[in-house]
**Q** 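Below is the structure I would like to discuss, written out as structure tokens.
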Amino acid sequence: MRYQRPKGTADILPEESEKWHFVEETARLLFADYQYREIRTPLFENFEIFSRSAGDTSDVVTKEMYDFHDKGDRHVALRPEGTAGVVRAYVENKLYGPEHTKPYKAFYIGPMFRYERPQSGRQRQFHQIGVEAFGSDSPALDVEVIAMALAYFKQLGIDGLRVAVNSLGDTQSRADYRQALIDYLKPHYDELSADSQERLEKNPLRVLDSKEPEDQQFVADAPSILDYLTDEARSHFEQVKQLLDVLGIDYVVDPTMVRGLDYYNHTIFEVMVQSKALGHGYTTVCGGGRYSGLVKELGGPDDAGVGFAIGLERLMLLLADKGIEVPDGHQLDVYVVGIGDETNVETLKLVQAIRGFGFSANRDFLGRKPKAQFKSANKENASFVITIGQSELESRTAHFKSMVTSEEVSLPLDDLYTKFPEIYDKYIGE
RNA sequence: GCGGUAUUGGUGAAGUGGUUAACACACCGGUUUGUGGAUCCGGCACGCGUGGGUUCGAUCCCCACAUACCGCCCCA
């Protein structure tokens with residue numbers, strides 16, 4: 001094999017892409033009900049857009065960024081996630097302006113890139129569906145976003161979901177908690193796993209995420225961030241929980257839940273599901289939260305944002321694992337069989353005429369025999385086969401056969417050209 | 001970035017240091033010189049991921065590289 005696709009990329013072939021259309025269209029229809037509109041931003045941005053938003057020390061920036069210098073020596077990067085670019089667009093296009101309704105709601109669907117080691121459901125080019133809403137601090141908006149994510153999964157037929165919520169508080173809350181956590185863990189430094197020792201230096205909150213057994217005992221007794229929330233942050237979180245209750249949304253508060261990207265604060269949430277396809281126990285299929293401060297960080301007003309993102313590769317694995325059938329959009333109404341070279345012209349005209357009526361039609365292009373053409377018709381699941389040979393050409397007729405009932409009639413070609421829909425309707429029911 | 005496993009035709013795969021690389025599915029053709037989903041017959045890898053090496057000789061042994069999968073880091 002001379003050429004292979006780049007490491008960590010995939011070809012999504014027609015059969016598969018139809019499933020992708022289904023999940024994408026489902027999202028478009030549902031999000032429209034919530035008045036979120038699609039936004040399309042560039043696949044690459046100035047490197048700084050991502051480094052400023054994600055935090056300079058995050059792994060995404062330090063080792064997973066797909067970045068390069070272009071011919072103009074601009075330092076650019078393929079987007080590792082969707083939020084930063086949308087925020088940049090929000091600021092650059094002044095979508096915070098008075099002529100736009102607040103909150104400004106947008107969603108995106110598209111590829112993201114991270115330079116990492118590929119694994120199942122994790123590729124260098126992967127895809128996300130995400131939503132963002134700017135310009136409101138209302139806890140009701142947090143809840144709307146969570147409710148919309150759940151509605152989406154419900155629409156796709158996925159159940160058995162678990163919603164986990166937490167609050168990272170505001171800047172003050174987070175700083176206080178960070179110190180408290182360090183104070184708590186420091187004395188146990190030698191007992192922590194090597195990984196967590198490193199985390200303690202770089203990003204203490206991540207110790208809470210540790211899977212190492214030796215860390216679990218400390219995580220269990222660690223101080224909770226919820227005890228360090230400022231009054232304002234606490235009030236916000238309480239309202240979120242209350243509104244979730246009002247909507248009858250079941251959730252669990254998980255004080256150990258954290259985020260890899262630095263820009264999150266206040267409410268963060270994950271939608272989790274149990275599926276062998278994604279790993280053991282509950283795994284996350286959707287993550288989101290608030291990110292007050294990011295808009296300002298990228299040069300805009302001090303507008304808050306809230307949103308979520310769903311990884312499509314993982315979602316596709318989940319749908320497959322749950323045995324959820326995607327509606328089959330591929331169907332063939334008519335296959336036109338032509339016998340002999342002299343029927344070539346008529347066959348072409350006929351498929352075009354049928355297509356002109358809005359039906360799907362196909363024919364042979366390899367000069368194969370009737371039997372082989374019927375095989376193709378069968379394989380493509382054609383409802384009807386129209387056969388034209390020398391004798392039909394002479395009599396200006398065609399054989400019209402139902403592939404379901406195997407019944408075949410002879411019809412005038414003119415009828416097929418002028419009133420195909422009526423003919424289709426007449427025989428499709430039988 | 002680190003570790004493990006793997007890589008044979010369109011697909012699933014068997015196989016051995018040495019003459020023609022099983023079998024099955026799919027596909028193509030024939031049986032039916034104009035009709036599908038059935039039967040039977042036939043065809044279908046100048047080649048065993050790529051590049052080197054060992055050897056009289058390698059798909060099979062060794063090395064490097066590429067890619068995939070699993071685990072770690074990370075992410076969710």
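Keep in mind that the numbers below use all heavy atoms, side chains included, and drop hydrogens, waters and symmetry copies.
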**Q** A68(B), OP1 or OP2 - any side-chain N/O from R117(A) closer than 4.0 Å?
**A**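 For A68(B), neither OP1 nor OP2 has a side-chain N or O of R117(A) closer than 4.0 Å.
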
**Q** Is there a donor-acceptor pair under 3.5 Å between the side chain of N46(A) and the backbone N or O of V76(A)?
**A**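 No.
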
**Q** With sugar-phosphate meaning primed atoms plus P, OP1 and OP2, does G8(A) contact a base, only sugar-phosphate, or nothing at under 4.0 Å between heavy atoms?
**A**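 Since only primed, P, OP1 and OP2 atoms lie under 4.0 Å of G8(A), the category is sugar-phosphate.
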
**Q** Between G34(B) and E392(A), counting only base atoms on the nucleotide and side-chain atoms on the residue, is there a donor-acceptor pair under 3.5 Å?
**A**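 Per atom types, the contact qualifies.
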
**Q** Measure from the side-chain heavy atoms of K371(A) and tell me the nearest of C28(B), C75(B), U31(B).
**A**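 Selected nucleotide: U31(B).
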
**Q** Using the C1' atom on both, measure G42(B) against G53(B) and round to a whole Å.
**A**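 Taking atom C1' in both G42(B) and G53(B), they lie 43 Å apart.
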
**Q** Counting only side-chain N and O atoms of K379(A), is one of them less than 4.0 Å from OP1 or OP2 of A26(B)?
**A**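 False: K379(A) side-chain N/O out of range (4.0 Å or more) of A26(B) OP1/OP2.
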
**Q** Does any donor-acceptor pair link the side chain of E408(A) with the base of U35(B) at a separation under 3.5 Å?
**A**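 Answer yes: a donor N or O sits under 3.5 Å from an acceptor.
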
**Q** Let's test this: given Watson-Crick or G-U wobble pairing with both distances under 3.5 Å, identify the partner of G36(B).
**A**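 Pair assignment: G36(B) / none.
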
**Q** Looking across every strand, which nucleic acid part, if any, lies under 4.0 Å from G311(A) by heavy atom: base, sugar-phosphate, or nothing?
**A**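 No contact.
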
**Q** Write down the distance separating the C1' atoms in U16(B) and U8(B), rounded off to the nearest Å.
**A**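 Result for the C1' pair: 13 Å, nearest Å.
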
**Q** Go ahead and name the base partner of U50(B); Watson-Crick or wobble counts if both distances stay under 3.5 Å, otherwise write none.
**A**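 U50(B) is paired with A64(B).
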
**Q** Could you tell me how far U7(B) sits from U11(B) if I compare only their C1' atoms? Round to whole Å.
**A**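 Straight-line distance between the two C1' atoms is 15 Å.
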
**Q** Hey, does the side-chain of S406(A) have a donor or acceptor N/O within less than 3.5 Å of a partner on the base of G37(B)?
**A**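 Present.
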
**Q** Just to be sure I understand the rule, does A382(A) reach a base, reach only the sugar-phosphate, or reach nothing, if contact means heavy atoms closer than 4.0 Å?
**A**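 The residue A382(A) makes no contact with any strand.
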
**Q** Closer than 4.0 Å, any side-chain N/O of R368(A) to the OP1 or OP2 of C28(B)?
**A**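 Result: yes.
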
**Q** Using a 4.0 Å heavy-atom cut-off across all strands, classify S376(A) as base, sugar-phosphate, or nothing.
**A**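 It contacts nothing in the nucleic acid.
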
**Q** Write down the distance separating the C1' atoms in G18(B) and A58(B), rounded off to the nearest Å.
**A**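 Taking atom C1' in both G18(B) and A58(B), they lie 9 Å apart.
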
**Q** For G36(B), does the base pair up with any side-chain atom of K401(A) as donor and acceptor (N or O, under 3.5 Å, distance only)?
**A**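 Pair found.
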
**Q** For atom C1', what is the distance between C56(B) and G49(B), given to the nearest Å?
**A**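 Taking atom C1' in both C56(B) and G49(B), they lie 27 Å apart.
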
**Q** What is the pairing partner of A13(B), taking Watson-Crick or G-U wobble pairs with both distances under 3.5 Å in any strand?
**A**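 In the structure as shown, A13(B) has no Watson-Crick or wobble partner.
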
**Q** Could you measure between the two C1' atoms, the one in G15(B) and the one in C48(B), and give it in whole Å?
**A**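 It comes out at 10 Å once rounded to the nearest Å.
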
**Q** Would you check if the distance from the ring center of Y36(A) to the ring center of F107(A) is below 6.0 Å?
**A**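 Between Y36(A) and F107(A), the centre distance exceeds or equals 6.0 Å.
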
**Q** Could you tell me how far U59(B) sits from C40(B) if I compare only their P atoms? Round to whole Å.
**A**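 Their P atoms lie roughly 37 Å apart.
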
**Q** Please give the nucleotide sitting opposite C2(B) as a Watson-Crick or G-U wobble pair, both distances under 3.5 Å, or none.
**A**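 The base-pairing partner of C2(B), which may sit in any strand shown, is G71(B).
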
**Q** Give a yes/no answer on whether the side chain of Q119(A) brings an N or O atom under 4.0 Å of OP1 or OP2 in G71(B).
**A**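 Result: yes.
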
**Q** Compute whether any side-chain donor of one residue and acceptor of the other, for Y291(A) and E297(A), lie under 3.5 angstrom apart.
**A**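 No, no side-chain donor-acceptor contact under 3.5 Å.
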
**Q** Taking the side chain of R206(A) as its heavy atoms from C-beta onward, which of G37(B), C75(B), G34(B) lies nearest to it?
**A**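 Nearest listed nucleotide: C75(B).
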
**Q** Between the side chains of S360(A) and Q331(A), is a donor N or O closer than 3.5 angstrom to an acceptor N or O?
**A**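 Not at all, the side chains of S360(A) and Q331(A) share no donor-acceptor pair under 3.5 Å.
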
**Q** Please report the distance separating the P of C62(B) from the corresponding atom of U67(B), rounded so that it comes out in whole Å.
**A**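 Comparing P positions in C62(B) and U67(B) gives a spacing of 22 Å.
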
**Q** Between the base of C74(B) and the side chain of R122(A), is there any donor-acceptor pair under 3.5 Å?
**A**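 Counting by modelled atom types and ignoring angles, a donor-acceptor contact under 3.5 Å is found here.
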
